[in-house]
Amino acid sequence: MLPEEPPAATDLLPVSARHAGGAAPGPAPGEHVIAARNRWSRAVLDFEGLRAGEWCSLEARIAWDAEEEAGNALDFALVGFDFLAADGSGLDLDHVPGLARSLLDPHSAWITGPAYQPEGSERTRTAALRIAFPVPAPARNLAVTFRSWRNTRPFTIGAATLRQGLDGAEAAEARPHRRLGPTAEPLRLALVPGAGLVLRGQIHASRPDEHAARARIAYADADGVPVAPPYPDTVSVPGFGAVINLAAHQQARRFTLNLKPPPDAAAVEIGFERWEDAPAGTGVELLAAPEIALEDGLRLESLCGDDVLDAPAFLARLAEALGLPPGAEAAWISPPEAAPRILLAQRALQGPAGPAATRAGEALVLRLAGAPDWPLPAAPDWGEDPFRSVPWRLEYQSLSWLAALPGPAEAGRSQALDLALGWSRANPWGQPADPLSLHPDALATRADVLGALLAGPVEAEAAIALVGEIVRHGFAMAEIVGQNTLSRSPLQMRAAGALLGIARTLPRLPLAAYWDALARFALGEGFSAALAERSLHRRLELLTLGRALAAALDGEEPGPAIAEAVAAALPGLAALLDPGGRLPPFGDSPPGIDHGAWITRLSAVRESGDARGTGAPRPGARLDAAGGTLSARAGGLDRGWSHFACTFAGQSPQDHADCGSFVFAAQSRPWIVEAGGSEQAETGPARHYLLSARAHNVAILEGRETAAGFGRLLGSLPLDGASAHAILTNVHGPDLRHVRTFLLLDDLAGIAVIDRFAGSGPIAFAARVHVAPDAVLALSDPRRVLAQAEGRRLGLVPLTITGRAAGVEILCGRDGRPGAMQGFLARVGGGLRPGSALRYAFSGQGAVCGGLLIATEGGAEERLARLLAGEVLGRFLAGV
């Protein structure tokens, strides 16, 4: 039933090394010294012979100077990754799990400063580095760049190795394949009158070919009637149409299509195809969705130049760039109509989150992002940051609180309009009062708010200013969407939704049809991929956006596909609710959200007791496996309700290191909890801690932080009054096999969590569980821990199966170096508060297996112990 042990990991050493910007070889073989030259000092290591589709771990040692002053920098140094085809040609991949897209290098990952390195590293001034990622096909080689960033003194990198292995889990496909055939569904885009269109992309051919692929081009006029070729810069073939040949002199070939539409063209179709007469066995694929942009003269940077333009001046500059007479922009102002406010509709569906603004006399008092009330100055300068809070600044700069100011409607609308125009005057493009106002989330929401203000009665001068600001936002959204800047993310979908709203708010704008088509293309390409979002709260936000998008599109593509994806995903989320109506708090999840009521608003049909906390839980336990999450519920009048959930979704350095973490509630109260979401702590030690494995209920190997990876359900075993579920994870590296097994009693009066590590040599690990803030942990004897709250108790008993016990410890607010923080919970409104956590450890040789029994009463503990001592479960645990 369960797979055999995976093959041993393969170690790859660099085949060559290059140095630049003051970097140089170190004193010992395999060492490289990176100077403090801020991003230009670098060592590039070349690796060959990677196996595509498998997970890979870059491992190295870093050593730093005793006088280093940037120890607290989260971006101390940078590691860049450039994936190459077999012939050495570079691959433009839009997404590699575990890595982030960047400018200097195609993909990258940060090295944190010395203060964030594991406990004990401060004595030796060295630490182990490990960065994990899957090797995306068709990559075969890799150039790794260790780059200076914040370091003030030179640092040394040594023993760099790539370790690659199957890890016993399916390698997640890093990207969808876009293999080209002799025909293709064309990309349809509207055109801006008189303007060219630029598409950039890359093809990969299994072997170089002068005729590897083609782009078939077809134009149509405003009535949809085809415009016959010939077209500029294309080859016209009688009976076939117009094409642009895409040769592949190397396996990977970047291309740029500069389309120059005929004067009467209003739309274009571009189909990427393989030539019919290509040699047998030649495979060609488009590596990513093409980047789409207008010609350089109609880019935001070109339009603004070095000038400081207010919104009306920007609008006049745009009219000039389009070749229109002075004053033509006045015709772009549309009469009030019911244009979609997609992001505001999303907020309405999410439900009330408390008033964003109240009045105290004549003054407005804002309540944003969970921060205390703050009186808005009579004349804000729009650079305010009273709470040193990134979430507060984002909400403030989004202007979302202008959507419904308190007081009489007319007076509130007039004040909102004055504030919006004041924001515009204080933020000429390129000189923002607060750089965070250019964050995609703030941009997208603010565009919706400005569109809502334009929909009411507005004087001509104010209308021109509003339209100018909306159009500037449209250019920014179009460049984010067209360049796939935030590929596969909810933010990319929000940007596309905002662009769609702008296009339909200003239908007379010459760019409106182009922006509309661009937004719909991005939504069709990316919405389903974005649903892989691992935070359940964020996934629900995305489904809510999908419902608003489907309503706005009203049957237009891709509206029906988005509506279908939402309808398919909602039941799975509803099944994960605890009886109190909350989703498991994995990933970033703010406190105090009634997810049950929220899901009810989105669901056309709900089952009593599943979508809200007001109904009685279903009798017996229920298990759901969807989206990398397991969940079970039980309840009874005598013992109250119980709930269990765990996550094994993939994690990356930007996410919470919680693959395998779990929560447990019993006796109608939470007992085992997560340390909390990190959205109130966007920077610094608090955020680093909340994202780390130390803040989650997971197992951690001694001296080795977890890295990017994922888990999968290996199998389940029904037992007498219970069930066992084994989850394989690869977050500990390719040289160790880790399986976490949960044993659940059907009535959830008790559970057990068992970790098994198998490898070679000595193995030591420690696991943690965090208890609810109002619970207190205490040792009742050397083998037992009690959690107490509200007159109720929960027993926690460490259990050794293979190897030996290595101690039990109660942690509460262990501070000091950021890399050693333990025993904290997130504080509502930001920061950390001390909380109780249990750390239990095991060690051994070759294979170590141990865990924790968690029970509400002695009978449940006895049942768990009896099952664990039985042969059936013993064979199951040994087999995994």
Side-chain angles (χ1 to χ4, degrees), residues 1-6 167-169 621 623 625 630 632 634 644 646 648 660 662 664 672 697-699 701 711-730 732 736-767 769 782-785 795-808 838 840-880:
M1 177 180 65
L2 297 173
E4 299 177 356
E5 294 289 331
D167 311 331
L623 179 68
L630 294 177
F644 162 85
C646 76
F648 51 93
F662 70 101
F664 178 60
I672 307 301
N697 304 318
V698 297
L701 287 164
R712 70 179 175 94
L713 185 66
L714 275 180
S716 297
L717 175 69
L719 297 163
D720 182 17
S723 58
H725 311 275
I727 295 168
L728 178 72
T729 78
N730 71 345
H732 301 282
L736 283 170
R737 179 182 175 88
H738 170 242
V739 177
R740 169 162 274 203
T741 301
F742 291 99
L743 174 60
L744 310 178
L745 298 179
D746 286 348
D747 59 7
L748 289 183
I751 67 172
V753 53
I754 308 295
D755 289 289
R756 182 177 186 270
F757 287 89
S760 60
I763 298 174
F765 76 91
V769 292
R783 292 188 60 255
R784 182 182 302 274
V785 180
L796 301 102
V797 182
L799 172 72
T800 305
I801 297 177
T802 304
R804 59 185 179 274
V808 176
L838 174 65
Y840 55 101
F842 306 91
S843 63
Q845 190 79 17
V848 180
C849 185
L852 187 69
L853 277 62
I854 304 172
T856 58
E857 37 86 15
E861 183 183 321
E862 291 174 2
R863 284 189 285 158
L864 290 170
R866 185 168 60 252
L867 289 167
L868 285 164
E871 290 187 10
V872 175
L873 184 55
R875 287 195 300 270
F876 183 80
L877 291 174
V880 301

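Heads up: numbering here begins at 1 and tracks the sequence. Just so you know, these numbers come straight off a predicted model, no measurement behind them.
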Any heavy-atom pair between the side chains of Leu719 and Leu743 that's under 4.5 Å? yes

Side-chain touch Val769/Val785, heavy atoms, less than 4.5 angstrom: no

Taking all non-hydrogen atoms of both residues, which atom of Leu867 and which atom of Ala722 are closest, and how far apart? CD1-CB, 3.5 Å

Which label fits His738 and Phe757: parallel for a plane angle under 30°, tilted from 30 to 60°, or perpendicular past 60°? parallel

Straight-line distance of Phe644 CZ to His725 NE2, nearest 0.5 Å: 7.5 Å

Candidates Leu745, Asp746, Leu744 - the one meeting side chain to side chain contact (heavy atoms under 4.5 Å, CB included) with Leu748: Leu744

Closest non-hydrogen atom pair between Ala865 and Leu853, with its separation: N-CD2, 4.1 Å

Does any part of the side chain of Leu713, heavy atoms only, come nearer than 4.5 Å to the side chain of Ile727, both counted from C-beta? yes

Rounded distance [0.5 Å steps], CD in Glu862 versus CG in Leu864: 10.5 Å

Exercise: identify the closest heavy-atom pair between Ala758 and Ile763: C-CD1, 4.2 Å

I want to check something: taking the side chain as every heavy atom from C-beta on, are Leu728 and Arg737 in contact at a cut-off of under 4.5 Å? yes

side-chain hydrogen bond (donor to acceptor under 3.5 Å, both in side chains) pairs, two or more places apart, involving residues 842-853: Arg804-Ser843

Write down the atom of Leu852, the atom of Ile754, and the distance for their closest heavy-atom approach. N-CD1, 4.5 Å

Residue list, side-chain hydrogen bond (donor to acceptor under 3.5 Å, both in side chains) with Arg866, at least two apart or on another chain: none

Between Phe765 and Ala699 the two heavy atoms that sit nearest each other are CD1-CB, 3.9 Å

If we only count heavy atoms from C-beta on, is the Thr741 to Arg756 side-chain gap below 4.5 Å? no

Separation between CZ of Phe742 and OG of Ser716, rounded to the nearest 0.5 Å: 12.0 Å

Do the non-hydrogen side-chain atoms of Phe662 and Leu630 ever get within less than 4.5 Å of each other? no

Starting at CD1 of Ile801, measure out to CG of Leu868 and round the result to the nearest 0.5 Å. 5.5 Å

If you take all heavy atoms of Ala860 and Ala749, which pair is closest and at what distance? CB-O, 3.6 Å

Report the distance from atom SG of Cys849 to atom CG of Asp755, rounding to the nearest 0.5 Å. 8.0 Å

